[in-house]
Amino acid sequence: HQHFLEKENESNIYSNESKNNILPGGTQTGNMMHELLEYLDFETIRISSSPENWLKQPCVYEKIDSIRERHNRSKETIPIIAEIIWKTMRTNVRLGTYEDSEQVELASCKKNLCEVDFYFPIPSNDSFVSKDLEELKKEAELQLGDWNVDKGFVRGSIDFVFEHNSRIYLIDWKSNMLKDYHPKTLENEVSKHYMLQLQIYTLATSYWFNLDSKEKFEKRFGGVLYIFLRGMLQREGVFFFRPVWSDLLDYEKILSIEKY
């Protein structure tokens, strides 16, 4: 693939909008990006000086080439995919909503987990305690939107979990093609499409880490980040939200109502 690599710098002559057009939208691209972010070695990103330098490592090129081929993306998308992933992991991400909020480079976060499966009970609704247990189980076997609910438990997985300064943060990767990746656009997109997901992820993490009091939750839970990967080409595309304890209690109420 040396000949191809010699031409990869040509991708830099394209605008970010053109690059996003070369990499088509849709489920295939989303699945491909998730798979790459799950299986690529972030250490190789951390020690490389640029997307081009990173892609010259044979193991990196071969992994991207293999996965993009399986998802029917063209060979010309390889340097664009590499640039998106490298910039996502090497851009300082703000862990807050203020200009002076702490920032972190994801590739440097040593404590991290990819594709974290969760399985937790839907909060109970006290008004149904008189119902027969079997009847409750039957009612719980439903689809809560796109969520897999089985006998009163929600199943799912979180794309990326990391710990920084003793706080836990959750990331969901999004490959959506948006008109722009400005903060207000991202806020609208998340509030319109992903609020239930944000609530479930927060609840799942509180169960997993036993954050069962206001003190524990507000000390350990850092926040949720939605990272819109295409926006990372111009080093924007990060939506951050940190629920507080009262939000968590509200999420439990909402989920117990949604259940029935």
Side-chain angles (χ1 to χ4, degrees), residues 1-45 48 50-91 106-107 112-117 145-148 155-161 170-179 181 186 189-190 193-194 197 201 225-239:
H1 56 258
Q2 188 61 40
H3 175 69
F4 181 75
L5 286 174
E6 286 168 1
K7 290 186 172 257
E8 75 189 15
N9 284 332
E10 291 177 8
S11 76
N12 293 328
I13 67 173
Y14 298 123
S15 68
N16 291 323
E17 186 178 357
S18 298
K19 291 174 186 177
N20 273 323
N21 288 334
I22 291 169
L23 182 63
T27 305
Q28 286 279 67
T29 293
N31 291 341
M32 175 189 71
M33 297 303 288
H34 276 79
E35 190 173 342
L36 285 164
L37 284 159
E38 181 178 1
Y39 292 112
L40 282 167
D41 180 2
F42 295 150
E43 180 65 13
T44 62
I45 297 177
S48 58
S50 68
E52 294 78 24
N53 174 264
W54 180 54
L55 193 54
K56 283 176 182 171
Q57 299 180 48
C59 62
V60 173
Y61 183 95
E62 287 159 14
K63 176 69 77 175
I64 293 176
D65 191 33
S66 167
I67 291 176
R68 71 90 202 152
E69 187 174 33
R70 193 160 68 252
H71 290 280
N72 299 311
R73 304 294 80 154
S74 69
K75 215 169 183 69
E76 69 176 335
T77 63
I78 292 175
I80 297 165
I81 292 166
E83 184 179 355
I84 289 173
I85 292 175
W86 192 91
K87 285 185 174 176
T88 296
M89 302 308 294
R90 290 296 300 272
T91 298
L106 296 176
N112 67 72
L113 294 168
C114 296
E115 292 297 327
V116 181
D117 292 331
D146 293 329
W147 294 92
N148 180 15
R155 294 177 183 271
S157 68
I158 300 171
D159 291 341
F160 192 76
V161 178
L170 319 176
I171 292 180
D172 194 72
W173 312 119
K174 297 297 182 193
S175 61
N176 311 36
M177 293 182 80
L178 305 180
K179 59 176 179 147
Y181 298 89
L186 303 184
E189 187 74 6
V190 172
H193 298 292
Y194 303 121
Q197 181 188 54
Y201 282 5
L225 297 95
Y226 281 81
I227 295 188
F228 291 80
L229 298 166
R230 293 172 184 271
M232 299 307 285
L233 283 169
Q234 58 263 24
R235 300 185 186 275
E236 58 182 8
V238 179
F239 172 84

Worksheet item: Taking the side chain as C-beta and beyond, is there a heavy-atom pair between P24 and R73 under 4.5 Å?
Response: yes
Discussion item. Donor-acceptor check, side chain of Y226 to backbone of G237, threshold 3.5 angstrom: yes or no?
Written reply: no
Item to complete: Please report the closest heavy-atom contact between M33 and I85, naming both atoms and the distance.
Response: CE-CG1, 3.8 Å
Worksheet item: Between the side chain of D41 and the main-chain N/O of E43, is any donor-acceptor distance below 3.5 Å?
Response: yes
Worksheet item: With a 4.5 Å heavy-atom cut-off, do L229 and L37 have their side chains touching?
Response: yes
Worksheet item: Do side-chain atoms of R90 reach the backbone of S48 as a donor and acceptor pair under 3.5 angstrom?
Response: yes
Worksheet item: What's the spacing between I158 CD1 and C114 SG if we round to 0.5 Å?
Response: 12.0 Å
Item to complete: Kindly determine whether F239 and E189 satisfy side chain to side chain contact (heavy atoms under 4.5 Å, CB included), including the steps that lead there.
Response: CA-CA 10 Å; F239 172 84; E189 187 74 6; over 6 Å; no
Practice prompt. Please tell me if the side chains of L36 and W173 come closer than 4.5 Å, counting only heavy atoms from C-beta onward.
Written response: no
Discussion item. So L178 and L186, do their side chains get closer than 4.5 Å, heavy atoms only?
Written reply: yes
Worksheet item: Are M89 and L40 close enough, and set up right, to give a side chain to side chain contact (heavy atoms under 4.5 Å, CB included), and what steps lead you there?
Response: CA-CA 11 Å; M89 302 308 294; L40 282 167; over 6 Å; no
Discussion item. Taking the side chain as everything from C-beta on, heavy atoms only, tell me whether E236 gets closer than 4.5 Å to T91.
Written reply: no
Worksheet item: Which heavy atom of G30 sits nearest a heavy atom of S175, and at what distance?
Response: CA-OG, 3.2 Å
Worksheet item: Donor-acceptor pair, T77 side chain versus L23 backbone, under 3.5 Å?
Response: no
Item to complete: Please tell me if the side chains of R155 and D117 come closer than 4.5 Å, counting only heavy atoms from C-beta onward.
Response: no
Worksheet, complete the sentence: For E115 and S157 the tightest heavy-atom approach is OE1-OG, 3.2 Å
Worksheet item: Taking the side chain as C-beta and beyond, is there a heavy-atom pair between L106 and I227 under 4.5 Å?
Response: yes
Worksheet item: Do the side chains of E83 and L55 get nearer than 4.5 Å, heavy atoms only?
Response: no
Worksheet item: Would you say the side-chain atoms of S50 and W86 include a donor-acceptor pair closer than 3.5 Å?
Response: no
Worksheet entry | Side-chain donor/acceptor of S66 to backbone N/O of K63, under 3.5 Å | no
Worksheet item: Ignoring hydrogens and geometry, is there a side-chain-to-backbone donor-acceptor pair from R68 to I78 under 3.5 Å?
Response: no
Worksheet item: Has the side chain of T88 got a donor or acceptor atom that lies under 3.5 Å from a matching backbone atom of I84?
Response: yes
Item to complete: State whether the side chain of H34 and the backbone N or O of D159 hold a donor-acceptor pair below 3.5 Å, judged by distance alone.
Response: no
Worksheet item: How far apart are the closest heavy atoms of N176 and Y181, and which atoms are they?
Response: O-OH, 3.0 Å
Item to complete: Tell me whether the guanidinium CZ or amine NZ of K174 lies under 6.0 angstrom from the six-membered ring centre of Y194 and within 45° of its axis.
Response: yes
